[in-house]
Amino acid sequence: KAEHHKVAQDFMSADDIEYGYCTEFMVKFDQEKLKQTPFDEATYRHHLSEHGDSLLVVSDQEVVKVHIHTEHPGDVMTYSQKYGDLINIDIENMREQHSTIVASQKQPTKKATYGIITFALGTGIKKLFESIGANIVLEGGQTMNPSTKDISDAIQEAYAEKIIILPNNKNIVMAAEQAAKLATEDVIVVPTATIPQGISALLSFHPEMDLTENEIQMTEAMGYVKTGQVTYAVRDTEMNHLFIKKGQFMGIADGKITCCHDDREETLKKLIADLIDEDVEILTILYGEDVTEKSLNQVVTHIEESYPDIEIETHAGEQPIYSYILSVE
(Lines give C-alpha, C1' and ligand atoms only; values in the text may rest on other atoms or scores of the structure.)
Protein backbone atom coordinates (compact mmCIF):
# COMPACT_ATOMS: atom_id res chain seq x y z
CA LYS A 1 0.00 0.00 0.00
CA ALA A 2 1.46 3.36 -1.01
CA GLU A 3 2.36 5.69 1.83
CA HIS A 4 0.28 8.88 1.93
CA HIS A 5 2.40 11.71 0.54
CA LYS A 6 2.80 14.54 3.04
CA VAL A 7 1.81 17.97 1.73
CA ALA A 8 2.01 21.36 3.40
CA GLN A 9 -1.60 21.14 4.48
CA ASP A 10 -0.84 18.05 6.59
CA PHE A 11 1.43 20.05 8.90
CA MET A 12 -0.82 23.03 9.49
CA SER A 13 -4.37 23.80 10.47
CA ALA A 14 -6.76 26.19 8.78
CA ASP A 15 -6.13 28.61 11.67
CA ASP A 16 -2.46 28.85 10.62
CA ILE A 17 -3.36 30.51 7.30
CA GLU A 18 -2.52 34.17 7.90
CA TYR A 19 -4.09 35.54 4.72
CA GLY A 20 -7.31 33.67 4.11
CA TYR A 21 -8.53 34.90 0.74
CA CYS A 22 -6.97 34.20 -2.65
CA THR A 23 -8.04 37.36 -4.46
CA GLU A 24 -7.85 38.07 -8.18
CA PHE A 25 -9.25 41.04 -10.05
CA MET A 26 -8.52 43.51 -12.82
CA VAL A 27 -8.75 47.30 -12.82
CA LYS A 28 -9.87 48.86 -16.08
CA PHE A 29 -8.21 52.27 -16.06
CA ASP A 30 -10.44 55.36 -16.03
CA GLN A 31 -8.68 58.35 -17.60
CA GLU A 32 -10.51 60.87 -15.40
CA LYS A 33 -9.44 59.04 -12.24
CA LEU A 34 -5.87 58.78 -13.52
CA LYS A 35 -5.75 62.57 -13.81
CA GLN A 36 -6.45 62.76 -10.08
CA THR A 37 -4.28 59.74 -9.14
CA PRO A 38 -1.62 58.84 -11.75
CA PHE A 39 -0.85 55.12 -11.83
CA ASP A 40 2.68 53.94 -11.07
CA GLU A 41 3.03 50.14 -11.03
CA ALA A 42 5.92 50.08 -8.52
CA THR A 43 4.07 52.33 -6.06
CA TYR A 44 0.84 50.38 -6.50
CA ARG A 45 2.61 47.06 -5.97
CA HIS A 46 4.35 48.35 -2.84
CA HIS A 47 1.06 49.52 -1.32
CA LEU A 48 -0.66 46.19 -2.03
CA SER A 49 2.28 44.24 -0.57
CA GLU A 50 1.38 45.66 2.84
CA HIS A 51 -2.00 43.91 2.65
CA GLY A 52 -0.90 40.31 2.06
CA ASP A 53 1.49 37.98 0.23
CA SER A 54 1.81 35.94 -3.00
CA LEU A 55 1.35 39.24 -4.82
CA LEU A 56 1.47 39.52 -8.60
CA VAL A 57 0.78 42.74 -10.49
CA VAL A 58 0.78 42.96 -14.30
CA SER A 59 -0.27 46.14 -16.11
CA ASP A 60 -0.50 47.62 -19.59
CA GLN A 61 -2.05 50.81 -20.97
CA GLU A 62 -5.63 49.65 -20.37
CA VAL A 63 -5.71 47.41 -17.31
CA VAL A 64 -3.81 46.16 -14.29
CA LYS A 65 -4.27 42.55 -13.22
CA VAL A 66 -3.80 41.61 -9.55
CA HIS A 67 -3.34 38.34 -7.67
CA ILE A 68 -2.89 38.49 -3.87
CA HIS A 69 -3.49 36.42 -0.74
CA THR A 70 -5.00 38.82 1.78
CA GLU A 71 -7.13 38.88 4.90
CA HIS A 72 -9.12 41.91 3.73
CA PRO A 73 -9.83 41.74 -0.02
CA GLY A 74 -12.24 44.66 0.28
CA ASP A 75 -9.46 47.01 1.39
CA VAL A 76 -7.29 46.02 -1.57
CA MET A 77 -10.10 46.52 -4.06
CA THR A 78 -11.30 49.80 -2.54
CA TYR A 79 -7.78 51.21 -2.86
CA SER A 80 -7.59 49.98 -6.46
CA GLN A 81 -10.79 51.81 -7.40
CA LYS A 82 -8.80 55.05 -7.26
CA TYR A 83 -7.50 54.11 -10.71
CA GLY A 84 -10.58 52.72 -12.46
CA ASP A 85 -13.34 50.12 -12.47
CA LEU A 86 -13.02 46.63 -10.99
CA ILE A 87 -13.66 43.73 -13.37
CA ASN A 88 -13.16 39.92 -13.38
CA ILE A 89 -13.26 39.59 -9.58
CA ASP A 90 -12.55 36.11 -8.14
CA ILE A 91 -12.17 35.55 -4.37
CA GLU A 92 -11.58 32.09 -2.85
CA ASN A 93 -11.64 31.23 0.85
CA MET A 94 -8.41 29.24 1.34
CA ARG A 95 -9.22 28.13 4.89
CA GLU A 96 -12.40 26.48 3.65
CA GLN A 97 -10.48 24.65 0.94
CA HIS A 98 -7.77 23.51 3.35
CA SER A 99 -9.64 20.54 4.82
CA THR A 100 -10.76 19.42 1.36
CA ILE A 101 -7.15 19.31 0.17
CA VAL A 102 -6.05 17.31 3.22
CA ALA A 103 -8.90 14.85 2.86
CA SER A 104 -8.50 14.26 -0.86
CA GLN A 105 -4.69 14.26 -1.20
CA LYS A 106 -3.72 10.88 -2.66
CA GLN A 107 -0.55 11.64 -4.54
CA PRO A 108 2.27 9.15 -5.05
CA THR A 109 5.30 9.21 -2.74
CA LYS A 110 7.77 10.29 -5.45
CA LYS A 111 7.45 13.23 -7.79
CA ALA A 112 7.60 12.58 -11.52
CA THR A 113 10.41 14.31 -13.41
CA TYR A 114 8.05 16.11 -15.82
CA GLY A 115 4.43 17.15 -15.77
CA ILE A 116 2.67 18.71 -18.75
CA ILE A 117 -0.47 20.83 -18.37
CA THR A 118 -2.46 21.97 -21.37
CA PHE A 119 -5.88 23.41 -22.25
CA ALA A 120 -8.64 22.43 -24.65
CA LEU A 121 -12.36 22.47 -25.32
CA GLY A 122 -13.84 19.27 -26.73
CA THR A 123 -13.58 15.71 -25.38
CA GLY A 124 -11.88 14.48 -28.56
CA ILE A 125 -9.15 17.13 -28.37
CA LYS A 126 -8.71 16.38 -24.65
CA LYS A 127 -8.19 12.67 -25.42
CA LEU A 128 -5.78 13.55 -28.23
CA PHE A 129 -3.61 15.64 -25.90
CA GLU A 130 -3.65 12.87 -23.28
CA SER A 131 -2.64 10.30 -25.88
CA ILE A 132 0.45 12.29 -26.91
CA GLY A 133 1.70 12.92 -23.40
CA ALA A 134 -0.28 15.61 -21.53
CA ASN A 135 -0.73 14.78 -17.83
CA ILE A 136 -3.52 17.28 -17.17
CA VAL A 137 -5.90 18.81 -19.73
CA LEU A 138 -7.99 21.65 -18.32
CA GLU A 139 -11.03 23.16 -19.97
CA GLY A 140 -10.05 26.47 -21.48
CA GLY A 141 -10.41 28.59 -24.56
CA GLN A 142 -12.85 31.10 -26.01
CA THR A 143 -14.82 32.45 -23.01
CA MET A 144 -13.84 29.62 -20.63
CA ASN A 145 -10.55 31.00 -19.38
CA PRO A 146 -9.18 29.50 -16.15
CA SER A 147 -7.92 31.63 -13.27
CA THR A 148 -4.37 31.69 -11.93
CA LYS A 149 -5.62 29.61 -9.01
CA ASP A 150 -7.03 26.93 -11.34
CA ILE A 151 -3.62 26.62 -12.97
CA SER A 152 -1.79 26.68 -9.62
CA ASP A 153 -4.03 23.81 -8.47
CA ALA A 154 -3.17 21.89 -11.65
CA ILE A 155 0.56 22.40 -10.98
CA GLN A 156 0.08 20.81 -7.56
CA GLU A 157 -1.97 17.99 -9.04
CA ALA A 158 0.66 17.24 -11.69
CA TYR A 159 3.09 16.56 -8.81
CA ALA A 160 6.31 16.81 -10.80
CA GLU A 161 9.70 18.45 -10.38
CA LYS A 162 9.46 20.24 -13.74
CA ILE A 163 6.20 21.51 -15.21
CA ILE A 164 5.48 22.64 -18.77
CA ILE A 165 2.29 24.60 -19.46
CA LEU A 166 0.81 24.91 -22.95
CA PRO A 167 -2.04 27.51 -22.85
CA ASN A 168 -3.22 27.05 -26.48
CA ASN A 169 -4.98 30.39 -26.24
CA LYS A 170 -3.50 33.89 -25.97
CA ASN A 171 -6.05 34.79 -23.25
CA ILE A 172 -4.70 32.05 -20.96
CA VAL A 173 -1.01 32.95 -21.27
CA MET A 174 -1.04 35.68 -18.58
CA ALA A 175 -2.74 33.52 -15.96
CA ALA A 176 -0.34 30.65 -16.78
CA GLU A 177 2.70 32.91 -16.39
CA GLN A 178 1.37 34.21 -13.05
CA ALA A 179 0.86 30.65 -11.78
CA ALA A 180 4.39 29.78 -12.92
CA LYS A 181 5.84 32.67 -10.88
CA LEU A 182 3.96 31.58 -7.76
CA ALA A 183 4.99 27.93 -8.02
CA THR A 184 7.79 26.39 -5.97
CA GLU A 185 8.43 23.88 -8.78
CA ASP A 186 10.38 24.67 -11.95
CA VAL A 187 7.61 25.82 -14.30
CA ILE A 188 7.81 27.16 -17.84
CA VAL A 189 5.07 28.42 -20.13
CA VAL A 190 5.43 27.71 -23.84
CA PRO A 191 3.10 30.44 -25.18
CA THR A 192 1.03 28.36 -27.61
CA ALA A 193 -1.91 30.40 -28.91
CA THR A 194 -3.85 27.65 -30.74
CA ILE A 195 -4.64 23.94 -30.41
CA PRO A 196 -2.42 23.01 -33.41
CA GLN A 197 0.49 24.94 -31.88
CA GLY A 198 -0.04 23.05 -28.62
CA ILE A 199 -0.09 19.69 -30.39
CA SER A 200 3.05 20.54 -32.37
CA ALA A 201 4.87 21.70 -29.23
CA LEU A 202 3.84 18.65 -27.22
CA LEU A 203 4.95 16.28 -29.97
CA SER A 204 8.43 17.83 -29.82
CA PHE A 205 8.77 17.31 -26.04
CA HIS A 206 11.60 14.97 -25.04
CA PRO A 207 11.72 13.60 -21.46
CA GLU A 208 15.50 13.14 -21.57
CA MET A 209 16.14 16.84 -22.25
CA ASP A 210 16.39 19.44 -19.52
CA LEU A 211 13.73 22.12 -19.09
CA THR A 212 15.57 24.83 -21.03
CA GLU A 213 16.25 22.52 -23.98
CA ASN A 214 12.61 21.48 -24.08
CA GLU A 215 11.48 25.10 -23.89
CA ILE A 216 13.62 26.02 -26.89
CA GLN A 217 12.59 22.99 -28.93
CA MET A 218 8.87 23.25 -28.13
CA THR A 219 8.78 26.99 -28.83
CA GLU A 220 10.45 26.41 -32.20
CA ALA A 221 7.99 23.59 -33.00
CA MET A 222 4.93 25.77 -32.42
CA GLY A 223 6.26 28.10 -35.11
CA TYR A 224 6.32 25.36 -37.73
CA VAL A 225 2.54 24.96 -37.86
CA LYS A 226 -0.16 27.17 -39.38
CA THR A 227 -3.62 27.22 -37.80
CA GLY A 228 -6.99 27.45 -39.53
CA GLN A 229 -10.38 27.77 -37.85
CA VAL A 230 -13.93 27.82 -39.16
CA THR A 231 -16.58 29.40 -36.96
CA TYR A 232 -19.68 31.56 -37.32
CA ALA A 233 -20.19 35.28 -36.92
CA VAL A 234 -22.26 36.30 -33.89
CA ARG A 235 -22.83 39.79 -35.33
CA ASP A 236 -22.34 41.77 -38.54
CA THR A 237 -18.71 42.76 -38.81
CA GLU A 238 -16.21 44.17 -41.27
CA MET A 239 -12.60 43.06 -41.10
CA ASN A 240 -9.72 42.79 -43.56
CA HIS A 241 -11.94 44.30 -46.30
CA LEU A 242 -14.55 41.57 -45.75
CA PHE A 243 -18.13 42.32 -44.76
CA ILE A 244 -19.43 39.36 -42.76
CA LYS A 245 -23.11 38.99 -41.92
CA LYS A 246 -24.34 37.57 -38.62
CA GLY A 247 -24.72 33.80 -38.95
CA GLN A 248 -22.27 33.47 -41.84
CA PHE A 249 -19.29 31.19 -41.51
CA MET A 250 -15.83 32.68 -41.55
CA GLY A 251 -12.37 31.23 -42.06
CA ILE A 252 -9.55 32.37 -39.80
CA ALA A 253 -5.93 31.79 -40.87
CA ASP A 254 -3.39 32.31 -38.08
CA GLY A 255 -5.69 34.74 -36.30
CA LYS A 256 -6.82 36.73 -39.35
CA ILE A 257 -10.22 36.39 -41.02
CA THR A 258 -9.52 35.63 -44.68
CA CYS A 259 -12.86 34.39 -46.05
CA CYS A 260 -16.56 33.99 -45.36
CA HIS A 261 -19.53 32.17 -46.91
CA ASP A 262 -23.10 31.14 -46.09
CA ASP A 263 -22.05 27.48 -46.42
CA ARG A 264 -19.73 26.00 -43.79
CA GLU A 265 -17.89 23.56 -46.02
CA GLU A 266 -17.39 26.16 -48.77
CA THR A 267 -15.82 28.39 -46.14
CA LEU A 268 -13.51 25.53 -45.18
CA LYS A 269 -12.45 25.00 -48.81
CA LYS A 270 -11.60 28.70 -49.18
CA LEU A 271 -9.66 28.65 -45.92
CA ILE A 272 -7.64 25.62 -46.99
CA ALA A 273 -6.73 27.40 -50.23
CA ASP A 274 -5.52 30.37 -48.16
CA LEU A 275 -3.37 28.16 -45.92
CA ILE A 276 -1.80 25.76 -48.39
CA ASP A 277 1.34 26.55 -50.33
CA GLU A 278 3.95 24.44 -52.11
CA ASP A 279 5.75 23.59 -48.85
CA VAL A 280 2.75 22.01 -47.09
CA GLU A 281 2.97 18.26 -46.56
CA ILE A 282 0.39 17.45 -43.84
CA LEU A 283 -3.13 18.77 -43.21
CA THR A 284 -4.77 17.70 -39.95
CA ILE A 285 -8.49 18.34 -39.45
CA LEU A 286 -10.06 18.42 -35.99
CA TYR A 287 -13.78 18.43 -36.64
CA GLY A 288 -16.30 19.81 -34.18
CA GLU A 289 -19.42 18.50 -32.48
CA ASP A 290 -21.67 19.97 -35.21
CA VAL A 291 -19.95 18.22 -38.16
CA THR A 292 -21.54 15.10 -39.67
CA GLU A 293 -19.60 12.20 -41.16
CA LYS A 294 -21.13 13.01 -44.55
CA SER A 295 -19.88 16.61 -44.44
CA LEU A 296 -16.41 15.49 -43.38
CA ASN A 297 -16.17 12.89 -46.13
CA GLN A 298 -17.13 15.45 -48.76
CA VAL A 299 -14.42 17.80 -47.54
CA VAL A 300 -11.77 15.06 -47.48
CA THR A 301 -12.68 14.00 -51.02
CA HIS A 302 -12.35 17.60 -52.21
CA ILE A 303 -8.93 17.97 -50.57
CA GLU A 304 -7.67 14.68 -52.01
CA GLU A 305 -8.72 15.73 -55.51
CA SER A 306 -7.44 19.31 -55.23
CA TYR A 307 -4.20 18.61 -53.36
CA PRO A 308 -3.12 15.04 -54.22
CA ASP A 309 0.38 15.41 -52.70
CA ILE A 310 -0.83 16.38 -49.23
CA GLU A 311 -1.31 13.83 -46.46
CA ILE A 312 -4.65 14.26 -44.65
CA GLU A 313 -5.36 13.29 -41.05
CA THR A 314 -8.76 13.67 -39.35
CA HIS A 315 -9.69 13.53 -35.65
CA ALA A 316 -13.05 13.90 -33.91
CA GLY A 317 -12.26 16.92 -31.75
CA GLU A 318 -15.90 17.30 -30.65
CA GLN A 319 -15.13 20.94 -29.88
CA PRO A 320 -17.86 23.60 -29.66
CA ILE A 321 -17.80 26.96 -31.51
CA TYR A 322 -15.17 25.96 -34.10
CA SER A 323 -16.61 23.52 -36.64
CA TYR A 324 -13.15 22.84 -38.00
CA ILE A 325 -9.68 23.42 -36.61
CA LEU A 326 -6.89 22.91 -39.14
CA SER A 327 -3.22 22.20 -38.57
CA VAL A 328 -1.06 22.79 -41.62
CA GLU A 329 2.58 21.68 -41.69
Side-chain angles (χ1 to χ4, degrees), residues 17-98 117 119 121 138-156 163 165-185 187-194 234-235 237 239 255 321:
I17 298 175
E18 183 179 2
Y19 301 111
Y21 297 93
C22 176
T23 304
E24 292 185 344
F25 61 91
M26 295 173 71
V27 182
K28 187 176 182 182
F29 290 134
D30 181 303
Q31 295 306 316
E32 292 302 315
K33 287 186 177 181
L34 291 181
K35 289 177 184 176
Q36 300 294 323
T37 314
F39 179 81
D40 175 72
E41 184 175 305
T43 304
Y44 180 71
R45 184 185 287 109
H46 177 73
H47 181 88
L48 262 54
S49 69
E50 297 174 356
H51 290 266
D53 61 13
S54 298
L55 173 66
L56 286 172
V57 175
V58 182
S59 67
D60 58 25
Q61 297 299 313
E62 297 179 356
V63 299
V64 56
K65 185 166 185 177
V66 176
H67 172 284
I68 188 172
H69 293 173
T70 180
E71 190 60 20
H72 302 288
D75 292 351
V76 175
M77 291 189 290
T78 298
Y79 172 77
S80 300
Q81 284 179 289
K82 291 164 59 176
Y83 303 104
D85 298 325
L86 302 177
I87 58 174
N88 296 1
I89 299 169
D90 183 18
I91 302 172
E92 302 283 351
N93 185 327
M94 294 188 294
R95 293 189 184 93
E96 194 174 81
Q97 293 170 342
H98 172 273
I117 301 168
F119 299 82
L121 283 178
L138 298 177
E139 283 199 340
Q142 202 60 13
T143 57
M144 296 183 64
N145 295 324
S147 67
T148 302
K149 184 180 180 304
D150 294 330
I151 302 172
S152 294
D153 289 346
I155 290 172
Q156 294 301 308
I163 306 283
I165 304 177
L166 304 171
N168 304 336
N169 187 299
K170 64 182 180 181
N171 295 326
I172 299 176
V173 172
M174 182 186 284
E177 289 176 343
Q178 288 181 323
K181 288 177 184 175
L182 289 171
T184 54
E185 298 83 359
V187 184
I188 61 165
V189 178
V190 178
T192 52
T194 66
V234 295
R235 66 180 70 86
T237 186
M239 193 171 292
I321 302 167

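Excluded from the calculations below are hydrogen atoms, water molecules and symmetry mates; all remaining heavy atoms, backbone and side chain alike, are included. Since the structure is predicted, the reported quantities are computational estimates derived from the model, not experimental observations.
With contacts defined as side-chain heavy-atom distances shorter than 4.5 Å, the pair F39/V27 does not qualify. Here the side chains of E92 and E24 are not in contact, with every heavy-atom distance at 4.5 Å or above. Taking 4.5 Å as the limit, every side-chain heavy atom of L182 sits out of range of all side-chain heavy atoms of H69. Y44 has its side chain within reach of V64: a pair of non-hydrogen atoms, C-beta onward, lies under 4.5 Å apart. With contacts defined as side-chain heavy-atom distances shorter than 4.5 Å, the pair V66/L48 qualifies. Here the side chains of I91 and F25 are not in contact, with every heavy-atom distance at 4.5 Å or above. Y21 has its side chain within reach of N93: a pair of non-hydrogen atoms, C-beta onward, lies under 4.5 Å apart.
Nearest heavy atom pair, residue I155 against residue A179, reads CD1-O, 3.9 Å. When all heavy atoms of I172 and I151 are compared, the closest pair comes out as CG2-CD1, 4.3 Å. Of all heavy-atom pairs spanning P167 and P191, the tightest one is CD-CA, 4.4 Å. Contact between E139 and L121 at its shortest, heavy atoms only, is CB-CD2, 4.3 Å. The heavy-atom pair separating L34 from F29 by the smallest distance is CD1-CB, 3.9 Å. The two residues E71 and G20 have their closest heavy-atom pair at OE1-N, 2.9 Å.
Atoms NE2 and OG1, on H51 and T23 in that order, are 12.0 Å from each other to the nearest 0.5 Å. Distance CD1/I165 to CZ/F119: 6.5 Å, rounded to 0.5 Å. In this structure, CD on Q36 lies 10.5 Å from CG on D30, to the nearest 0.5 angstrom. Remark: N168 CG to T194 OG1 distance equals 7.0 Å, nearest 0.5 Å. The NZ atom of K181 sits 10.5 Å away from the OG1 atom of T148 when rounded to the nearest 0.5 Å. Between atom NZ of residue K65 and atom CD1 of residue I87 there is a gap of 9.5 Å, rounded to the nearest 0.5 Å.
Few gaps surround NE2 on H47; more than 12 heavy atoms of other groups in view lie less than 6.0 Å from it. Other residues, nucleotides and ligands place more than 12 heavy atoms under 6.0 Å from the CD atom of E50.
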List the steps and the verdict of side chain to side chain contact (heavy atoms under 4.5 Å, CB included) for Q156 and E185. CA-CA 9 Å; Q156 294 301 308; E185 298 83 359; 3.5 Å; yes
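No donor-acceptor pair closer than 3.5 Å links the side chain of D85 to the backbone N or O of K28. Under a 3.5 Å cut-off, the side chain of D150 and the backbone N or O of S147 do form a donor-acceptor pair. Side chain of K33 to main chain of Q81: a donor-acceptor pair is present (N/O by atom type, distance under 3.5 Å, no hydrogens or angles). In terms of modelled atom types and a separation under 3.5 Å, the side chain of T70 and the main chain of G52 share no donor-acceptor contact.
Residues T78 and D75 bring no donor and acceptor atom of their side chains to less than 3.5 Å of each other.
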